[in-house]
Amino acid sequence: MNLIFQYILKGAFLSCFFLGQGLILYAQTPETPQQEEDILPDADPLKVDRFNVEFLIVEGMHYLAIDNESKALDSFMKAHEIMPDNAALNYKIAKILKDGEDTDQALFYITKATDEEESNYYYLALKAEILTDKGDLTNAISTYEDLYELSDNAPDDYLLELAALYLYNENPDMALNTYDRIEQRLGVLEEVSTQKQKIYLKQNKLKEAIVEGKRLVEAYPKIGEYAVSVSQVMVSNDKKEDAIDYLKEYLDEHPNQALVEMELAKLYRQTNELDLALKYFEIAFQSEEIPLEDKLNNFVALIKKLSKGTQVSKLKSLGRSIIGIHATDANAFAANGDLYFAIDEKDSAKYFYEKAVGLNGDNLQLWQNLLSLEMENKNYENVVDYANEAISYFPNQPVLYLYGGSAHFSLKNFKSAIMLWEQGKSIVYGNDRMKSSFAAQLADAYHADKQYEKAFQTYEEAIKANPSNYFAINNYAYYLSLKKRNLDRAKELSAKMVKANPDNATFLDTYGWVLFQREEYEEALKYLEKAVKNQSSATIIEHYADALYKTGQKEKALEQWKKAKSLGGASELIDKKISEKKYYDATI
């Protein structure tokens, strides 16, 4: 390496190395070499050592610049062997060791640095950090205190660390004292005031905590968030009315503070003063400063509390405000859909849900709401379309296949229903009740499609998955009775069903009809009579009449057949039964 290049490297890297360290490696600045022999190794042993140290420092700094701390440490340690008492070298070595989590060795070297230069706050700060990492909080605190005692130029940042250490060391009073020192230097700060409030609250000093919060408000009167924080301290200590009064006074002096108006509205909602809550929500909801999530949370809470009349009208107005500010967010329209659903204006609810999924189809709950409404309105074609679209977003959500299949079934598209329900059932994992629901629906569809054997097998599958699926049991037992097949199984299942649901007219009718087909007419009559008392449908009354006939009560049977016909929905044989006053078997 030529001498000029060595000299350039020394000047560039050493200035970086010692900048801000408060040290100079030697008592005097080396003179620029005039002759080559001035720095040759055989000229002067002291100069040779100086040259080696400087070269190793330059090399170490180079490695640090390229993030190779291992090689940097190696260079610095070699320099340290030549000059072990140099404070800057010990500092650099300690810092690298700390970064490598070798805190014991790091403490050794930083202690050598601080012993040599006790007023250098960089060195003291690193020592305090290392002591903190070792869990020696007492000595870390002492080191930070020394830092400020020995150095007039120490930055304020370390006081925050010191205050935190006092807290960790369970000395809140000294933490408060340290925060006061920060305020004396820098004035009132949010971070400091917040920490002081937390300490006061932990010490059950509510008055001091509130005073501290108000000091922050006075220092920054146009930041409404600080006033909200004061009110929240009051609320958390059961002083909700004080919080309301404080926020009202603040708004009198500082109007048009959306965050404060929002907080006041929340408090009025919590105290069930809904008219006042709506008044302040109306102002706050028109502000872009309030996040949509906050608006929606409170809007939903208001929906749950709404009453009739003017409050509903104001809620609608709030909903319009949400959309006005957040017109591109699907959640804004979804919330309006929830409002209109809650007040039973289903067409408007549907409109808003449609707008919501149009903006963002990636919301399963929205699709379910829309599908539920369309099913309720028996708009089965729409249900099919929406289910198909929703499945394109959520192909692994079985509930969408349930909706789609149900719509096809209602439209008598049995094969399409079967296809969707088979797909849905195949993606159900770890949920026997849902698997049972799919199987029961499928069995109904197979039966409707006249695939009877497959239907009966699938009913058994549904009951195996959920032995309490009484709707599957009911349909299965009833269809078996109509075909007079496996009546023992039908009786076993329907008896269990009636025992668990003794007042369900449909279940009573099924069990009674199974007994009827087993020619247990007297027993059948008891259950069919009970079913008629609970529900007067044409089918149940006709079954009851048939049982009356079989038990010799022919006049009563004729009377009940006529009643069944008058209701509509009786079997095709009803007219023949009435005209001939005789029972006819409608077994299929």
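Counting from 1, the numbers follow the sequence of the chain as shown.
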Taking [Y]'s backbone N and O only, do any of them form a donor-acceptor pair with [X]'s side chain (distance below 3.5 Å, no angle check)?
X	Y	answer
Ser406	Leu402	yes
Gln517	Leu487	no
Asn501	Asn504	no
Ser426	Gln423	yes
Ser437	Arg433	yes
Asp509	Ala505	no
Lys483	Tyr452	no
Asn237	Lys239	no
Gln286	Glu282	yes
Lys530	Pro502	yes

More than 12 heavy atoms of other residues, nucleotides or ligands under 6.0 Å from [atom1] of [X]: yes or no?
X	atom1	answer
Tyr351	OH	no
Glu381	CD	no
Glu572	CD	no
Glu293	CD	no
Tyr584	OH	yes

ask   = Could you go step by step and tell me if Lys295 and His326 meet the side chain to side chain contact (heavy atoms under 4.5 Å, CB included) rule?
value = CA-CA 11 Å; Lys295 292 177 183 177; His326 309 278; 3.0 Å; yes
Distance (rounded to the nearest 0.5 Å) between [X] [atom1] and [Y] [atom2]:
X	Y	atom1	atom2	value
Asn336	Ile323	CG	CD1	3.5 Å
Leu296	Asp329	CG	CG	7.5 Å
Phe341	Ile303	CZ	CD1	11.5 Å
His543	Leu548	NE2	CG	13.0 Å
Ile343	Leu315	CD1	CG	8.5 Å
Ile244	Thr271	CD1	OG1	4.5 Å

Is the [X] to [Y] ring centre distance short of 6.0 Å?
X	Y	answer
Tyr446	Tyr479	no
Tyr549	Trp561	yes
Tyr521	Phe516	yes

Within-4.5 Å side-chain heavy-atom neighbours: [X] and [Y]:
X	Y	result
Val399	Phe394	no
Ile473	Tyr459	no
Leu167	Lys198	no
Trp513	Asp546	yes
Met262	Phe285	yes
Lys577	Glu542	yes
Val230	Ile210	yes
Lys464	Glu461	no

Shortest non-hydrogen separation from [X] to [Y] and the atoms involved:
X	Y	value
Ala258	Ala284	O-CB, 4.0 Å
Tyr401	Pro395	OH-O, 2.8 Å
Gln441	Trp421	O-CZ3, 3.1 Å
Ala570	Ala564	CB-O, 4.1 Å
Lys266	Phe281	N-CZ, 3.8 Å
Leu264	Leu247	N-CD1, 3.9 Å

task = For Tyr403 and Gln368, run side-chain hydrogen bond (donor to acceptor under 3.5 Å, both in side chains): C-alpha distance rounded to whole Å, both residues' side-chain angles, the deciding distance at 0.1 Å, then the answer.
result = CA-CA 9 Å; Tyr403 274 113; Gln368 288 186 246; 5.2 Å; no
Could you tell me whether [X] and [Y] make a salt bridge, using a distance below 4.0 angstrom between a side-chain N and a carboxylate O?
X	Y	value
Lys484	Asp585	yes
Lys350	Glu376	no
Glu492	Arg489	yes
Glu559	Lys556	no
Lys316	Glu345	yes
Lys346	Asp344	yes
Arg518	Asp488	yes

task = Go through the steps for Glu354 and Tyr386 under the test side chain to side chain contact (heavy atoms under 4.5 Å, CB included), then give the verdict.
result = CA-CA 10 Å; Glu354 285 176 335; Tyr386 286 135; 2.4 Å; yes
request  = Decide yes or no on side chain to side chain contact (heavy atoms under 4.5 Å, CB included) for Phe456 and Arg485, but give the supporting numbers first.
outcome  = CA-CA 10 Å; Phe456 294 151; Arg485 288 185 51 177; 3.8 Å; yes
task = Would you sort out whether Leu442 and Ile418 count as a side chain to side chain contact (heavy atoms under 4.5 Å, CB included), showing the intermediate values?
result = CA-CA 6 Å; Leu442 269 168; Ile418 289 168; 4.0 Å; yes
Between the side chains of [X] and [Y], does any donor sit under 3.5 Å from an acceptor?
X	Y	answer
Tyr353	Asp338	yes
Glu460	Tyr476	yes
Tyr280	Glu263	no

inquiry  = Suppose we screen for side-chain hydrogen bond (donor to acceptor under 3.5 Å, both in side chains). Which residues come up paired with Glu519, at least two apart in sequence or across chains?
reply    =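 If we apply the side-chain hydrogen bond (donor to acceptor under 3.5 Å, both in side chains) test to Glu519, skipping adjacent residues, there are no hits.
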